Structures are given as structure tokens and as C-alpha cells.
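The structure appears right after this line, and notes come after that.
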Amino acid sequence: MQEFRIEDAHEFVGKEVTIKGWLYNKRSSGKIKFLLVRDGSGIMQCVVVKNNISPEKFELSEKIGLETSLMVRGKIKEEPRAIGGYEMEVIDFDIYQPVYDYPISKKEHGIEFLMEHRHLWIRSRKQHAILKIRHEIIKACRDYFDMNGYTLVDTPIFTPSACEGTTTLFETKYFDTSAYLTQSGQLYNEATAAAFGKVYCFGPTFRAEKSKTRRHLMEFWMVEPEIAWADLNDVMDVAEDFIVFIVKRVLENRKRELEVLERDISKLEKIEKPFPRITYGEAVEILKKKGVDFKDGDDFGGGDETVISESFEKPVMVHRYPIDIKAFYMQPDPEDENLALCVDVLAPEGYGEIIGGGQRIDDYELLLKKIKEHNLPVEAFKWYLDIRKYGTFPHGGFGMGIERCVAWICGIRHVRETIAFPRTLYRIYP
RNA sequence: UCCUCGGUAGCUCAAUCGGUAGAGCAGCCGGCUGUUAACCGGCGGGUUGCAGGUUCGAGUCCUGCCCGGGGAGCCA
């Protein structure tokens with residue numbers, strides 16, 4: 001069966017086809033009606049003229065409401081006045097299910113109402129565009145690592161202990177004991193990197209922090225490469241190359257969606273190598289120069305990140321944070337033991353941290369000491385210490401939060417629109 | 001967890017000092033052969049989040065609770 005999809009309309013000019021889809025919008029002008037039908041791939045203006053169709057069907061076309069599911073048969077022609085540049089002269093149509101009371105109207109809605117109807121909201125044009133771009137970004141992530149010698153090794157969702165002791169975990173029953181939902185695949189990636197050299201994992205991660213900002217979700221997706229024999233500079237090189245690749249891909253393949261979102265494409269076109277690389281100390285200088293009240297040695301807050309990133313047109317890599325504010329596995333800088341060999345990548349336009357990573361401790365004794373200093377249970381990290389016991393190796397990697405990356409590339413304010421069904425602090429429906 | 005703002009028609013909002021709850025859109029009826037969130041005319045539509053309290057009288061003031069938005073901390 002040859003399927004017709006609206007996005008392929010240009011191949012069907014002059015031909016008779018059938019669209020299976022949903023009524024997206026309709027306009028009427030007496031004896032001529034414009035049905036805007038969407039099929040998931042695009043929107044087609046279907047023109048129903050009174051004299052060209054049975055009187056019953058003409059009357060029916062007046063009555064059906066938005067999101068009625070239907071099959072429309074007609075001939076495709078070029079038409080500059082229609083969105084997409086093509087329209088269909090309708091010969092006949094059949095209703096699969098008539099709808100008269102679709103809750104989302106063409107006019108404005110509040111965010112609470114839209115989130116309550118998220119399962120329907122994703123049908124609308126902007127949400128559709130965002131999720132198409134999300135797909136493109138995810139595909140680009142996979143392609144980048146697949147093409148560069150990385151092996152995808154999935155890490156577990158159920159974990160026996162915290163990867164990073166500080167943050168809150170979602171606890172769940174695991175038969176007679178309890179388990180936690182993963183916060184990161186990194187520690188497991190370090191084990192698989194010793195088996196495969198270059199690896200990545202890609203999956204959902206869960207944080208039970210009661211965060212309630214436009215940059216936070218309880219459940220979010222993260223892609224995490226881990227590279228054997230890499231130092232901090234190697235990690236930064238990969239992160240930079242990776243981001244450039246993703247942005248280029250979206251610009252190549254999703255221009256139409258970016259237009260729907262009214263994204264300023266010129267800002268994305270500037271994303272090229274090299275990215276600025278500054279130390280934590282230099283970032284603090286920027287804050288102080290701009291009059292931000294900042295205590296040296298603290299971690300950056302969301303507002304601080306915005307101020308720093310707004311000083312650059314490209315993503316900025318901030319490296320060598322004070323080791324005290326970072327996770328236990330961070331390799332100290334040999335030139336200053338108080339600094340960690342880590343990097344955060346801050347997206348431009350105030351989108352904040354999209355990547356966090358660095359070089360991991362590869363010395364057994366030092367790692368053991370750090371685990372104890374952070375009051376973590378040594379027993380639970382026995383397997384992790386084994387990686388340093390049996391053929392240890394310098395290594396590093398990073399994690400990129402998909403939702404923040406999508407929000408930045410799409411130019412939308414809040415991460416909740418970058419995933420089909422966001423899990424936010426006070427909403428787990430639908 | 002803390003700070004802050006809000007909850008009124010299906011939706012988005014208004015309602016002066018505490019004094020008869022109102023508009024746009026959607027819906028319904030009618031008109032229009034090129035509309036672009038189409039347009040024009042007409043019509044219906046309310047447990048003011050919940051429970052108490054103050055008052056002659058509460059959408060409005062007070063107390064508690066519920067739900068949500070924005071932010072902080074923490075983080076991707």
C-alpha cells in the first residue's frame with residue numbers, strides 16, 4: 001500500500017491521494033470551505049467546494065469540529081496561498097469519528113489548562129515542532145557517538161545506591177529490599193569504558209529534588225559518553241565537537257520546525273568551534289565585573305549562569321571549579337589540589353548548564369579517601385573501586401541533559417515543553 | 001522546604017470603598033466562492049477552588065485547607 005504523507009505532497013502534484021488524519025482547523029466562506037487537515041507529518045489545506053461534492057457531505061463538513069478524525073480524498077495542486085505551498089481539491093471525504101467539543105481552542109490558554117491537556121496539546125503546531133526537533137537532537141546524539149567509535153552500553157535504571165550522595169533519590173521497593181531510580185549512568189559507564197574504550201549511555205534519569213524552576217524536571221533524559229585514556233582537555237574537545245554537530249544537524253533537517261517556533265536561526269548559525277574556555281576563577285571575575293554579589297568558592301546559581309553565558313555568543317566552557325563543591329569522583333588538578341578537573345558547558349542566551357563532566361579519579365587510594373571524606377558507604381562502592389584496582393586508566397566523560405539542550409535550540413523558555421509528558425514537582429498527570 | 005503570585009462562564013480575563021457577577025473567544029442559529037487564529041449579525045451560558053468566620057450584606061475582609069504559576073536552594 002502506498003501511503004501518502006502530507007510532507008511528501010510535492011511528489012504528488014496533479015495526483016489523486018487520500019489523507020488520513022485529523023481536522024486541525026477550518027474556515028468557511030459560504031459555498032467554499034477550507035479544511036486544514038493534519039496527518040502527523042504536516043498540515044494540508046483541503047478545499048471543499050459546494051458544487052464539487054454531494055450536498056450531504058457539504059453540510060457535514062460545516063458541522064464537524066476540530067480534531068475530528070477523517071479520510072479525505074482529492075487532487076494535490078500547488079497553491080502559494082496555502083500553508084506548505086500545496087492544497088487539495090477535495091473529491092470526497094469520510095468521517096471516522098466526529099468531534100464537536102475539542103477542549104483546546106484556537107485562542108489563548110493558560111499553562112495550567114494546557115498541562116492538564118498535555119495529551120492533546122502535543123497535537124498543536126508548536127508542540128509538534130518542538131518534539132520533532134527533540135527527535136532530531138536525540139538522533140544526532142546517537143549518530144555522533146556511533147560514527148565516532150563509541151559503543152552504546154545501557155546502564156541500569158534501578159540502582160542500589162546514590163551515584164552522587166548529595167541529591168535526593170526516588171526510592172522504590174525491590175522485593176525484600178529497596179532500590180533507587182538512577183540519577184546518572186556515569187559510574188557504570190566508567191566500568192564499561194574499561195571494557196569497550198569509548199562508550200555512551202542514553203536514558204531517563206530521576207531526581208527527587210523539589211526543584212520548581214523552568215530548568216527542572218523530576219524525570220529527564222541524559223546522554224553520557226565516557227572515554228578511556230581521556231583527560232579534561234579531551235573531554236572538552238568532544239563536548240564542543242558534539243554540540244556543534246547537533247546544532248548543525250537541526251539547522252540542516254529541521255529548518256521548518258525552527259520557523260514554526262520563530263527561532264532566531266542566526267544565533268544558532270554562530271555555534272562553531274572553538275568555544276570559549278574559561279576557568280571558574282575567570283567566571284567569578286565576570287560576575288564581579290558585572291556587579292553580581294557572589295561569594296568566592298560557591299557554586300553558580302541559575303542567575304549567575306545566565307550572567308556568565310550572556311557574555312558570549314557561543315556555549316562557554318567553565319572549567320576547574322573548587323573541588324569542595326563538586327562530586328567525590330572528580331580528579332584534582334595536579335597544579336592546584338583545591339580545583340577539580342571538571343567542566344560545565346553553559347548554553348548561550350541564558351539557558352544555563354547543558355553539560356557537566358570532567359576527568360575522574362583513577363587512583364585507588366585517592367578515590368577510597370574521597371569516598372570516606374564524603375561519608376559514603378565504602379561497601380556499596382566496592383565494584384566502583386575495583387575499576388581502579390584492576391587496570392586503572394585515566395578517563396573522563398560528560399552528561400548532557402536533553403531537555404535543556406532542546407529548550408536552548410528551540411528557543412523556548414521552559415523545559416516542560418521539550419518532552420511529551422513532563423514530570424514536574426506538582427504534576428504527574430497525564 | 002522557603003519566598004512570592006494566583007484560583008470568577010468551556011477558555012482568557014474584568015468586577016472601584018464590602019452593595020444587582022461582566023466582556024472577548026469558544027458553542028448554537030443565520031449570512032458569505034479564496035479563507036489564513038477568516039469575517040459580519042443574533043442567542044444561550046455562573047455552587048466566584050473547599051470549609052468556617054466577621055457583616056444588614058462577601059467574588060472582595062479574616063482563619064485553615066486544597067490546587068496551580070513564578071522563583072530560591074540543588075542540579076542537567
Side-chain angles (χ1 to χ4, degrees), chain A residues 24-36 43 45-53 58 62-63 65-66 79-84 87 89 99-117 124-126 163-169 182-186 203-224 239 298-306 321 325-327 343-347 351-357 398-408 413-416 418-419 424-427 429:
Chain A
Y24 183 72
N25 196 4
K26 61 170 184 175
R27 291 181 282 271
S28 157
S29 183
K31 297 188 179 66
I32 184 167
K33 290 185 201 306
F34 302 91
L35 306 181
L36 275 74
I43 296 171
Q45 172 161 287
C46 302
V47 185
V48 181
V49 177
K50 189 168 188 179
N51 297 336
N52 298 352
I53 199 164
F58 189 77
E62 178 63 41
K63 287 196 171 137
L66 300 189
E79 175 51 70
R81 286 175 291 185
I83 52 164
E87 73 175 18
E89 293 171 350
V99 172
Y100 304 104
D101 57 352
Y102 187 65
I104 298 181
S105 73
K106 292 178 276 185
K107 294 281 175 172
E108 57 198 320
H109 294 286
I111 191 64
E112 186 179 353
F113 179 83
L114 289 170
M115 292 306 291
E116 194 71 16
H117 295 87
S124 70
R125 214 153 162 241
K126 273 197 174 180
C163 288
E164 305 173 36
T166 53
T167 36
T168 326
L169 294 156
T182 183
Q183 290 192 326
S184 162
Q186 184 207 313
T205 53
F206 308 87
R207 307 234 170 139
E209 295 151 4
K210 294 209 164 178
S211 302
K212 207 167 128 27
T213 80
R214 65 193 178 87
R215 302 183 308 281
H216 288 87
L217 296 171
M218 303 302 105
E219 177 183 312
F220 67 98
W221 286 66
M222 195 153 64
V223 57
E224 296 173 277
D298 279 2
D299 206 348
F300 301 126
D304 302 325
E305 285 179 356
T306 300
Y321 283 65
I325 55 171
K326 287 289 173 181
V343 60
D344 281 359
V345 181
L346 310 182
Y351 280 93
E353 183 183 351
I354 51 170
I355 280 180
F398 61 84
M400 184 180 81
I402 294 298
E403 287 74 17
R404 285 190 187 174
C405 181
V406 175
W408 163 51
R413 209 182 136 64
H414 202 299
V415 291
R416 66 187 157 210
T418 64
I419 185 166
T424 54
L425 185 50
Y426 293 123
R427 178 177 295 285
Y429 174 93

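What you are looking at is a predicted structure, and each value in this text was computed from that prediction instead of being measured. Each chain gets a letter, A, B and so on, in the order the sequences are listed, and its residues count up from 1.
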Results of ring-ring contact (aromatic ring centres under 6.0 Å, His included) for [X] - residues two or more places apart only:
X	answer
A/His414	none
A/Phe113	A/His109, A/His117
A/Phe300	A/Tyr280, A/Phe294, A/Tyr321

request  = Could you check A/Glu305 against A/Arg413 and say which one's nearest nucleotide on RNA chain B is further toward the 5' end?
outcome  = A/Arg413
inquiry  = Reading RNA chain B from 5' onward, which residue's closest nucleotide shows up sooner: A/Phe300 or A/His414?
reply    = A/His414
Provide a list of protein-nucleic acid N or O atom pairs under 3.5 angstrom, restricted to nucleotides 10-15 of chain B.
{"unit_1": "B/C11", "atom_1": "O2'", "unit_2": "A/Glu108", "atom_2": "O", "d": "3.0"}
{"unit_1": "B/C11", "atom_1": "O2'", "unit_2": "A/His109", "atom_2": "ND1", "d": "2.8"}
{"unit_1": "B/U12", "atom_1": "OP1", "unit_2": "A/Gly110", "atom_2": "N", "d": "2.8"}

Taking only side-chain nitrogens and oxygens of [X], does any of them come within less than 4.0 Å of OP1 or OP2 of [N]?
X	N	answer
A/His216	B/A72	no
A/Arg416	B/G70	yes
A/Lys210	B/U1	yes
A/Arg215	B/C75	no

List in chain and number order the residues that pass salt bridge (Lys or Arg N to Asp or Glu O under 4.0 Å) with [X], two or more places apart in sequence or in another chain; answer none if no residue qualifies.
X	answer
A/Asp298	A/Lys295
A/Arg413	none
A/Arg125	none

[atom1] atoms of [N] and [M], separation to the nearest Å:
N	M	atom1	answer
B/G24	B/C39	C1'	16 Å
B/U20	B/U48	C1'	15 Å
B/A9	B/U4	C1'	29 Å
B/A23	B/C62	P	29 Å
B/G69	B/U12	P	13 Å
B/G45	B/C5	P	37 Å

inquiry  = Tell me every residue that passes side chain to side chain donor-acceptor pair (under 3.5 Å) with A/Glu305, counting only those two or more places apart in sequence or in another chain.
reply    = none
key: Listed partners of A/Glu112 passing side chain to side chain donor-acceptor pair (under 3.5 Å), at least two apart   = none
Nearest whole Å is fine: how far is [N] [atom2] from [X] [atom1]?
X	N	atom1	atom2	value
A/Lys126	B/A37	NZ	P	13 Å
A/Asp299	B/G73	CG	P	10 Å
A/Met218	B/C74	CE	P	15 Å
A/Ile83	B/A37	CD1	C1'	12 Å
A/Glu116	B/G69	CD	P	10 Å
A/Lys326	B/C74	NZ	P	11 Å
A/Lys212	B/C67	NZ	C1'	11 Å
A/Leu425	B/U4	CG	P	18 Å

message = Whether the side chain of A/Ser211 and the base of B/C75 hold a donor-acceptor pair under 3.5 Å is what I'd like checked.
response = no
task = Anything below 3.5 Å on both distances counts as a pair; with that, list the stems of at least three consecutive Watson-Crick or G-U pairs involving RNA chain B.
result = B:1-7 with B:66-72, B:10-13 with B:22-25, B:27-31 with B:39-43, B:49-53 with B:61-65
note = For nucleotides 27-35 of chain B, 5' to 3', base contacts (B), sugar-phosphate-only contacts (S) and non-contacts (-) with protein non-hydrogen atoms under 4.0 Å give -----BBBB
query = Among B/G73, B/A76, B/G68, which nucleotide sits nearest the side chain of A/Tyr426?
reply = B/G68
remark   = Of all heavy-atom pairs linking A/Asp299 and A/Asp304, the shortest is O-OD2, 4.4 Å
task = Mind listing the closest non-hydrogen atom pair of A/Gly302 and A/Arg215 along with its distance?
result = CA-NH2, 3.6 Å
key: For A/Ser29, all residues meeting side chain to side chain contact (heavy atoms under 4.5 Å, CB included), sequence neighbours excluded   = A/Ile32
query = Do A/Lys63's NZ or CZ and the ring of A/Tyr100 fall within the cation-pi criteria of under 6.0 Å and 45°?
reply = no
message = I'd like to know if the side chain of A/Thr205 reaches the main chain of A/Thr182, judged simply by a donor and an acceptor atom lying under 3.5 Å from each other, with no hydrogens or angles considered.
response = no
